[in-house]
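Notes to accompany the following structure.
In this text the structure is predicted, and so the values were computed from the model without any measurement. The chains referred to below are lettered A, B, ... by the order of the sequence lines, with proteins before strands, and numbering in each begins at 1. Because only heavy atoms are used, hydrogens play no part in the values below, and waters and symmetry mates are left out as well, while side chains stay in.
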Number of protein chains: 2
Amino acid sequence: MSGGTALTELNASTNRNTTLETVAREAGVSIKSVSRVLNGEAFVSEKMRDKVNHAIAKLEFKPNMAARQLRGQRSYSLALVYEPPASEFLTGVLEGVLPECRKASYKLLLEPLGATESRSHILRMIQSRAADGYILLPPLSEDKSLIDAIVKANCAVVLVASSVDIDQLNYPVSKVGIDDFAAGRSLGHYFIERGHRRIGYIGLRAQHLTANRRGEGLKSAMQDASIPLDNLSIFDGTATFESGVAAAQTLLSKERRPTVVFAGNDYMAAGVISCAVAMGLTIPEDLSITGFDGADLSEMFVPPFMTVKQPLKEYGEWAAKRLLSALANPKQEGIQDTLPFTLIPRNSVKNLNQK
Amino acid sequence: MSGGTALTELNASTNRNTTLETVAREAGVSIKSVSRVLNGEAFVSEKMRDKVNHAIAKLEFKPNMAARQLRGQRSYSLALVYEPPASEFLTGVLEGVLPECRKASYKLLLEPLGATESRSHILRMIQSRAADGYILLPPLSEDKSLIDAIVKANCAVVLVASSVDIDQLNYPVSKVGIDDFAAGRSLGHYFIERGHRRIGYIGLRAQHLTANRRGEGLKSAMQDASIPLDNLSIFDGTATFESGVAAAQTLLSKERRPTVVFAGNDYMAAGVISCAVAMGLTIPEDLSITGFDGADLSEMFVPPFMTVKQPLKEYGEWAAKRLLSALANPKQEGIQDTLPFTLIPRNSVKNLNQK
DNA sequence: TTGTACGCGTTATCAG
DNA sequence: CTGATAACGCGTACAA
């Protein structure tokens, strides 16, 4: 007898195949009513809602996603497309995306897409509707052909840190980022206020247009201070430590080398520091340096270096929320949002005014 | 007429709802036969196989995963469980897991599980069969209660870098890692050969038992060289940069401070260096330092520091392959594999014998 | 406001 | 060796 009870409890707790029908029986209503309550549909009486919710809670019922997918022709998953190798940028965004997906019972698909890799795989995945919505990280968020393919497949997209003008696209594409021009300008003013006049700028690769905007902002700050643009040396990197080293090698061996270098991301800034130290320079006595993104690296480094923090987690959160809401109620217009960046001053930038 | 052709081609290329039935019709066979060929079942004639494969290729047919899941009661996905924040350890493993999943048409679910976070979510997910197999990263790979829950739900598990003795578990659990004892020993010998006699060791938290094995290996090397164990200072960190700083603060202010510090991972090593430099010490003149894991960080740092590379990508590959094969043919025994580690000597460890 | 019957694309059972 | 048919669990159309 007590054995029977135990067994019942066991069955209840191991919610093996608890289905709509189980719940319906428990609540003494029809399957469809349970479905209605579950999906928050209108035209359901309070009483019904209560009964059903009670049964759901009691049985610890969780809807079967596979059945939903099959029936609804949706995958209930988002895809995060990034260019490997995985960096702190990716993991930062993930911190925002994952909780939102979890809340909405959506899955997240990670889709690394190498710069030189064939795109046939991702195109097939898009066409096969493996995901309902896509988040594109830079530099992929600049890739019009990719965006095109996704939109053509009738899926939602959010561009992260992209310079693509979504108003010109007649598609419902959304995007989130910071004001790169302003960030570059702030940094420029920061340098200039501290007496710097010769500035080096190492951008990301050419496709990475948001980084170019930062360069424009920097120029604008220099113009404000009537500093001739000859004093600006521009290089292109590829977002890696190695490219930071390479750029620094040329940049720092110039006759009149810059007093401060603004690197397009924190990995490149680390590369510049490595190179500078190898050349016998001291940071910040002989050279000031700033990175970008706000990676933990910048804080752990010796010396810790100045950087501009992009709200990565917030990007992820915004993107996931946006996608989810667009999926929940389609035919929304594309929107864009500009989130605040944060200058993180550190001693890697010397104040030349103070002796 | 040409319009008709174009339309047909269009329909064929946009493999909208190409289903088993479409393929069956194209090949002039039954649905079930197509299914048989697809799943590589036995008792299918050559001719049939050819016909079907031809049709599949022509229509670019891809099976509908949702339907498979529903029918087969499997999720066709693996879960990667890790303790946030995401580190280079995670992304390294991902590089191995993702390609394997892609090859097998499996999805990967990322499951961050904070140390203090409630486990109800992950337990529910396990019970609801959201994944067919689980990969546990350290320190979660030591968590017997978690392993237990997964096994009880009849799912496959692979433990990465775990000290759990899978033979004592009477479960089909597999694991992969390096020989931590040997790694600690190699490092010990490396230090001793270069004249170091006072050694500091910063382990990971107590639960992280593989790290403890490294400490044992270190001791063993010291005993080989008849160095009294008093010369060893042991601290526990928590795998973070901050804990590296904290440990270093005590360790380096000792009267007879160590000549070399072995930190349990690269982030902690960075913390030790920061602290040492802040105290006015020079690396490696005043203090030698080694990390563990082989994170890119160790190479980018100034100065780059010695580390021991764990084959992270290979861990991921091994784990995914193992899981996939265990799922393909169940009731396999748990196995374990020890992969080679690599000492990466760098100038952060000084040779005290020279000069 | 609630319930019934059907179909989403597969795989499994069983008969041919 | 091959084919018809049922079921997996849910949402949609429609009737009540």
On a heavy-atom basis, the closest approach of A:Val29 and A:Lys51 is CG1-NZ, 3.8 Å
List the atom of A:Ser174, the atom of A:Ile166, and the distance in Å for their closest heavy-atom pair. CA-CD1, 4.4 Å
What pairs of nitrogen or oxygen atoms, one from the protein and one from nucleotides 13-16 of chain C, lie under 3.5 Å apart?
none

Please round to 10 degrees the angle between the axis of the first five pairs and the axis of the last five pairs in the helix from C:dT1-D:dA16 to C:dG16-D:dC1. 40°
Using whole Å, what does the distance between atom C1' of nucleotide C:dT1 and atom CD of A:Glu46 come to? 13 Å
Just jot down the side chain to side chain donor-acceptor pair (under 3.5 Å) partners of B:Lys321, sequence neighbours excluded, or say none. B:Glu317
Which residues pass the side chain to side chain donor-acceptor pair (under 3.5 Å) test with A:Tyr76, not counting sequence neighbours? none
With sequence neighbours excluded, tell me which residues meet side chain to side chain contact (heavy atoms under 4.5 Å, CB included) with B:Asn53. B:Val37, B:Arg49, B:Ile56
Who are the side chain to side chain donor-acceptor pair (under 3.5 Å) partners of B:Ser75, not counting sequence neighbours? B:Ser77, B:Asp132
Can you list every side-chain hydrogen bond (donor to acceptor under 3.5 Å, both in side chains) pair that touches residues 108-117 of chain A, not counting sequence neighbours? A:Glu111-B:Arg102, A:Glu117-B:Arg102
Min and max contacting nt of DNA chain D in 5' to 3' order, chain B heavy atoms within under 4.0 angstrom, are D:dC1 to D:dG9
Separation of A:Leu70 atom CG from C:dG7 atom C1', in whole Å? 9 Å
Which residues satisfy the side chain to side chain donor-acceptor pair (under 3.5 Å) test with A:Arg71, sequence neighbours excluded? none
In this structure, how many angstroms lie between the P atom of C:dT11 and the CG atom of B:Leu20, rounded? 6 Å
For B:Met65 and C:dT10, give me the distance from atom CE to atom P, rounded to whole Å. 10 Å
Looking only at side-chain N and O atoms, does B:Arg71 come under 4.0 Å of OP1 or OP2 in C:dG9? no
Of B:Ser33 and A:Leu38, whose nearest nucleotide on DNA chain D comes first from the 5' end? B:Ser33
Contact residues, residues 49-57 of chain B to DNA chain C [heavy atom, < 4.0 Å]: none
Any pair counted as ring-ring contact (aromatic ring centres under 6.0 Å, His included), so long as it reaches residues 110-157 of chain B, sequence neighbours left out: none
Steps toward salt bridge (charged side-chain N to carboxylate O under 4.0 Å, His left out) verdict (A:Lys32, A:Glu41): CA-CA 11 Å; A:Lys32 177 58 199 172; A:Glu41 288 178 31; 3.7 Å; yes
Qualifying residues under side chain to side chain contact (heavy atoms under 4.5 Å, CB included), relative to B:Glu83, sequence neighbours excluded: B:Ala115, B:Pro139, B:Leu140, B:Arg205
Please confirm whether the shortest side-chain N or O distance from A:Ser45 to OP1 or OP2 of C:dT2 is below 4.0 Å. yes
For the residue pair B:Thr19 and B:Thr22, confirm or rule out a side-chain donor-acceptor distance under 3.5 Å. no
Per nearest nucleotide of DNA chain D, the residue lying toward the 5' end, B:Phe43 or B:Gly72, is B:Phe43
Between A:Arg119 and A:Ser145, what is the shortest heavy-atom contact and its length? NH1-OG, 4.2 Å
Going by distance alone, is a donor N or O of one side chain under 3.5 Å from an acceptor N or O of the other, for B:Arg322 and B:Gln332? yes
CG of A:Asn64 versus C1' of C:dG9: gap in Å, rounded? 14 Å
B:Gln73 CD to C:dT10 P, straight-line distance once rounded to whole Å: 17 Å
